[in-house]
Asker: 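I have a structure here, written as structure tokens, and I will follow up with some questions on it.
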Amino acid sequence: MTAEAIELDSWLERLPLTLRDLLAGPIPGPWRWIVQDVIAIAVVLAVFPLLFAFLTLAERKVLGRIQNRPGPNRVGWGGILQPFADGIKMLTKEDIVPRAADPVLHFLAPVALVSFSLLSLAVIPYGRHLVPLDLDAGILYFFAASASSELAVFMAGWAGRNKYSLLAAMRALAQLISYELPLLLSLVPVVMLAGTLSPSGIVAAQAGWSAGFLPHWNILTPWGLAGFAIFMVAALAEANRSPFDLPEAESELIAGHLTEYSGFKYALFFMAEYFAMCALSGMAVTLFLGGWQAPVAILQFVPSYGWFAIKLLSLLLGFIWIRATLPRLRIDQLMRLAWKFLLPLALINLVTASFWHLSAGWGAAAQPLRWGLGLALVAVPFVVIGRRLSTGLGPRTYRYAAP
Amino acid sequence: MNATLVLLGVFIVATAGTALSLQNIVRSVLLLVLSWFGIAAFYLWAGAEFAAFAQALVYGGAVSMVVLFAVLLTRRGHQDATVAPPPPGRLLAALLAGGAVAGIIAATVIRTPFASVSDEVPVLPVRRLGALLMGPHAAALLVTGALLTAALLGAVVIAAGAKDDKEGSP
Amino acid sequence: MLGTGILKGLAVTAKNLAGSFHDPGRFVTTQYPEQRSVLPENYRNFPFLVAEDDKDPMGTLRCVACQICEKECPPQCIYIEKSRDKKPDAAGKMQLYPAVFDIDISVCMSCQICVEVCPFDAIKMDQEFEIATDNRFRPLLRDREQLARSNRYFQQVHPTEAAEVDARLAAARRAAEEKAAAKAPPPARQEVQTKPATERPDPPAGGIKTEA
Amino acid sequence: MIENLSSPLVSPAGARVRPVQDAFHGDLLEVSMGPHHPSTHGVFRMMVTLDGEAIVRLKPVFGYLHRNHEKLGENTTYLGSMPYTDRLDYLNSMTNNWAYALAVEKLIGQPVPERAEYVRVILAELTRLQNHTCLAGFLMQDCGCSGTPLMYAFRERERILDLFESLSGSRMMCNYQRFGGCRVDPGPEWLDAVRGLVEGYGAFLDEYEALLTGNEIVMARTQGVGRLKPDLAVSAGITGPMLRAAGVPYDIRKVDGYGIYPRFSFRVPLGDHGDTYDRYMIRVLEARESISILRQALKDIPAGPIIDPKSRLRGLRPKAGEAYGRIEGPKGEIGFYLISDGGPNPHRYRVRAPSFVNLTLLEDLCLGHTVADAVVILGSIDIVLGEVDR
């Protein structure tokens, strides 16, 4: 930690640490780190389910407001207790296990899905001192945890022994696997330029402001912008969110791989989906939006975990906003988008990032040229591949019958 | 011998063993995937974080999907539904092959001098790993890369070919 | 260029999100039990029988049991039994009255054809829609007493239509009186028991459920 | 034109479609969608046979909402059937009423006063506006939007239904037209309310198109999906926006010129590809034409009686004969064919429902497409089960 960072540690910044030491203080030496880890786990297990609860409420309220209606406002003041009402309803609902189902897999699927998505929450740096698990290969751990959630989706689809849920499970797998590639490739430039796989290292690499108000976030570079866009689109697909929520598309295969689930297991699936959404947007914040860094130097009095929360919530709001606006893509279009559009763009983004890295030494005069070239390297393939991909689609003009 | 090592070894062998014995093929595949996660846990115990997460990501995420897709998409043809009892010759050949492979492995295990397990294990930071991979071991990395790409292209060609056969037979 | 259409769509939803907080045009929900939307005057729900006088509804029903509405009602949900005796109606003429007048409002589709074909303006459409019941047979079969409402209630519910009907009835009554007066001027004019026009402000009768 | 199903079909999208073996042993998947599938616009069922993702055979099954409408018509008086016509295409009761009134007026040669003709045109175009707006909402709901376009469409539809309620007494079951005119005279303040709505509707359509028409995902999901060739459409008797989207210039308002439509100048938009996107766009363009018709009608609506004084409400006994009255409903040609034998009840009461006829081509449009497309194609045909099953 640089000297300047230490004296910046206001008491608010160190609050979580002081609280933890307060709790873990009396425990004798060797057992203390276990208690500290248990506290960290307890905090994550408390914060994220609560965030999930109020996220469902926020989603229904924002969706309602976009559709000119109030959203839930009957339970509690302004609908604040709605998530708990939903929770109780889900708990009291009957949990039907189909006779032909494979009971072990049927039970294991939601449990596995939730546990894998919870695992991936362990490495995201929520604040300057708030990293539950500071791993050297944290980014790899994150994607290892979220990659095995495909297994649980397959288990859910297969265990139900239902023709629709199996079809939907196969679609879900195809979608998850083909979007894993652009997801990972879009973060490779970040790792390359930050030189480390550890999330806190990446956040530290984005520290500092040039001229006081321009933060060194990755998104404020041409390759960062493209990488962020690809990462968000792929994150939408990984979390089965709006334009890609094919697996549980109501208009086609009823409830996809969730058809055979009811009661609290059904709620667990949605909890897992929201955890995956939070985890992926947390990772997007860490990689591209400078983690817990403040946007402007003078605003540093706000604690670091505050900035992380603001960025995370704004990304989640973006997820909800997109869900309210866009229709769903068909399975073949979804695949074509992943393999023929996002993947090539992600690969070209590597070239842009390397150009950006090599041209770091250019003088101030050459900055506009550097930016121009960087943006061209991003925009030109986008337009060319975009036009080739959407041949035959486009706005049309209509003629009128002769009177 | 270290207790956790034994525990992990038993876990891996047990899950792989029961995977072989199960009737329900999907459950056996899932048990196999569990044993892969056991191997990842072993790497973690051994202090190789990078290898553990790579194992979990590659095997737990991708290879398990390939195996499951293969299990689901191969259709049992009518002819191989009933498994004919193995003629005595085939049984003998199986024993021979199995014995030979087991013998070679046992021989190498016995003859190689294992270094004594020292307590502190040097934890390699990922950056150092990267330098090593790109430096002295670059050739090995590129060869495996080329091999994997060739395998992938071969699979695509075979799969594309298979679609035509399916089209032909009504 | 790919993506501009999506951005325009996002802009529209953002405008609606912002608009829903200040622009009434973009926040259309009326919170029903607390707020109520104003019903237009022409709104029609199930029919009711018009009675001239609040205090004695059964005595002053305009309906003369001519059964035209029973025949014309498409789903046939009206059942009328004529009375044996006669009683004087508002214009003093001796008329029959319905001994039984049932409407099964679970069958009625409130198409108001009965109102259209009734020559005596005896049946009009009500505007009360909060009539949920826990049993779908007996409470939904309304008999004469439940159907009767006073003309005052009719004036509250459909003001313009009621005014026009009252004017027409008053004119018809005056014409009947002149004709009666012209037809029998020589004999001593017997006391005309006709009730004066209903403009006389009646105190709201307790018996009939009048709109508060 | 439509060969029998056993011979191999080449679907419009060019995908080679193999004849159907028995569905249970080949690698075909028999999927039954409906009758209470969330996206079949009411009780309608599609028996879809899938070869992998592509549809090989689609058998529509309907009749779940059959209410014996036409037999009922034969046992009720001419006036008694009028409220039942509201329940045919329950989204557009005003145009159903007008078609039935037109048929009876042709049967008995009943003249209709000027003001009633203008009010009928105004109400028909208002119905067309709300129907086309709802269609776009439902179509986007089938494409997977989570309700936003549908809620905007219903927000505007409620404004139009409030106008119907303040005029006829009920939002959807108006029962407003009579033989020889209309039942209630719209007051000046009602006409001002309609003028206010018509002025604001253009802006709403612009905002709606900004949300949907340029949207790349909407274009990807609907362009080239369910392509309908003009000659197939004509031979199958398709009418309405679906026919005009295929490029055939046939609009009964121009062809028959019934009512006073020849007095208004409006254009008939035509599509070139006949796919789902064209069907959506044609309806939006027609909505804009309806706005211009409404402006013209509202400008010069005359005073005068709303119903012909000599028109008979009860005891209508037309001379023996037959008549077929048809109008350009929002979904296509809705017609009533009446045979009277002099009695108070029609001898034969037949309804030509556009949704029913347009639905016959569902399989031809869906061959070779995926299940997700079939749902979108069904949405673009714009069927209402009340009218299909009668």
Side-chain angles (χ1 to χ4, degrees), chain A residues 58-74 78-79 225-226 229-230 232-233 236 242-244 314 317-329 333 336-337 340-342 344-345 378-396, chain C residues 1-46 105-106 109-111 125-137 139-140 157 209 211-212:
Chain A
E59 171 141 30
R60 290 172 64 182
K61 293 287 275 186
V62 168
L63 215 61
R65 279 287 168 176
I66 284 182
Q67 296 170 358
N68 306 322
R69 54 185 173 80
N73 60 358
R74 293 286 159 168
L225 197 61
I230 297 170
M232 287 319 285
V233 171
L236 271 173
S242 166
F244 310 99
S314 57
L317 189 70
F319 272 70
I320 297 171
W321 185 14
I322 287 174
R323 171 163 184 233
T325 318
L326 300 181
R328 190 172 298 122
L329 274 172
Q333 293 161 343
R336 198 152 15 96
L337 183 74
K340 292 184 179 168
F341 186 63
L342 289 184
L345 283 185
V378 167
V380 166
F382 174 79
V383 169
V384 167
I385 301 177
R387 185 160 301 123
R388 199 183 60 76
L389 201 65
S390 58
T391 50
L393 303 179
R396 294 176 177 166
Chain C
M1 208 258 293
L2 195 68
T4 46
I6 292 178
L7 295 180
K8 263 197 295 189
L10 286 170
V12 167
T13 37
K15 190 152 63 114
N16 273 292
L17 177 67
S20 75
F21 288 102
H22 56 79
D23 173 2
R26 294 190 190 282
F27 189 74
V28 289
T29 318
T30 48
Q31 316 272 358
Y32 166 62
E34 290 84 14
Q35 312 154 355
R36 288 170 179 270
S37 52
V38 177
L39 287 179
E41 195 216 326
N42 283 352
Y43 171 65
R44 50 180 157 89
N45 205 350
F46 293 109
I105 60 170
S106 66
M109 55 181 181
S110 65
C111 65
M125 297 307 273
D126 200 345
Q127 291 197 343
E128 191 214 347
F129 56 89
E130 285 146 332
I131 44 176
T133 58
D134 55 359
N135 170 353
R136 59 192 172 95
F137 297 110
L140 292 183
V157 170
K209 191 191 86 48
E211 197 61 36

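Residue numbering restarts at 1 for every chain, and letters A, B, ... go by the order of the sequence lines.
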Asker: Using 0.5 Å steps for rounding, measure from the CD1 atom of A/I320 to the CG atom of C/L17.
Answerer: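 Taking CD1 in A/I320 and CG in C/L17, the distance rounds to 10.5 Å.
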
Asker: State, to 0.1 Å, how close A/I322 and C/L10 come at their nearest heavy-atom pair, and which atoms those are.
Answerer: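 Looking at all heavy atoms of both residues, the closest pair is CA-CD2, 4.2 Å.
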
Asker: Work out which heavy atom in A/F341 is nearest to a heavy atom in C/L2; give both atom names and the distance.
Answerer: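 Heavy atoms of A/F341 and C/L2 come nearest at CZ-CD2, 3.8 Å.
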
Asker: Let me know if C/A18 has heavy atoms under 4.5 Å from chain A in its side chain, its backbone, both or neither.
Answerer: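 For C/A18, neither part sits under 4.5 Å from chain A.
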
Asker: Please tabulate, one pair per line, the donor and acceptor atoms of chain A and chain C that lie under 3.5 Å from each other, or say none if there are none.
Answerer:
from	atom 1	to	atom 2	distance (Å)
C/L10	O	A/W321	NE1	3.2
C/T13	OG1	A/W321	NE1	3.1
C/T13	OG1	A/T325	OG1	3.2
C/S20	O	A/R65	NH1	3.0
C/V28	N	A/N68	O	3.4
C/Q31	OE1	A/N73	ND2	3.4
C/Q31	OE1	A/R74	NH2	3.3
C/E34	OE1	A/R74	NH1	3.4
C/E34	OE1	A/R74	NH2	3.3
C/E34	OE2	A/R74	NH1	3.2

Asker: Measure C/P24 against the heavy atoms of chain A and call it side chain, backbone, both or neither at under 4.5 Å.
Answerer: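 Interface part for C/P24: neither.
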
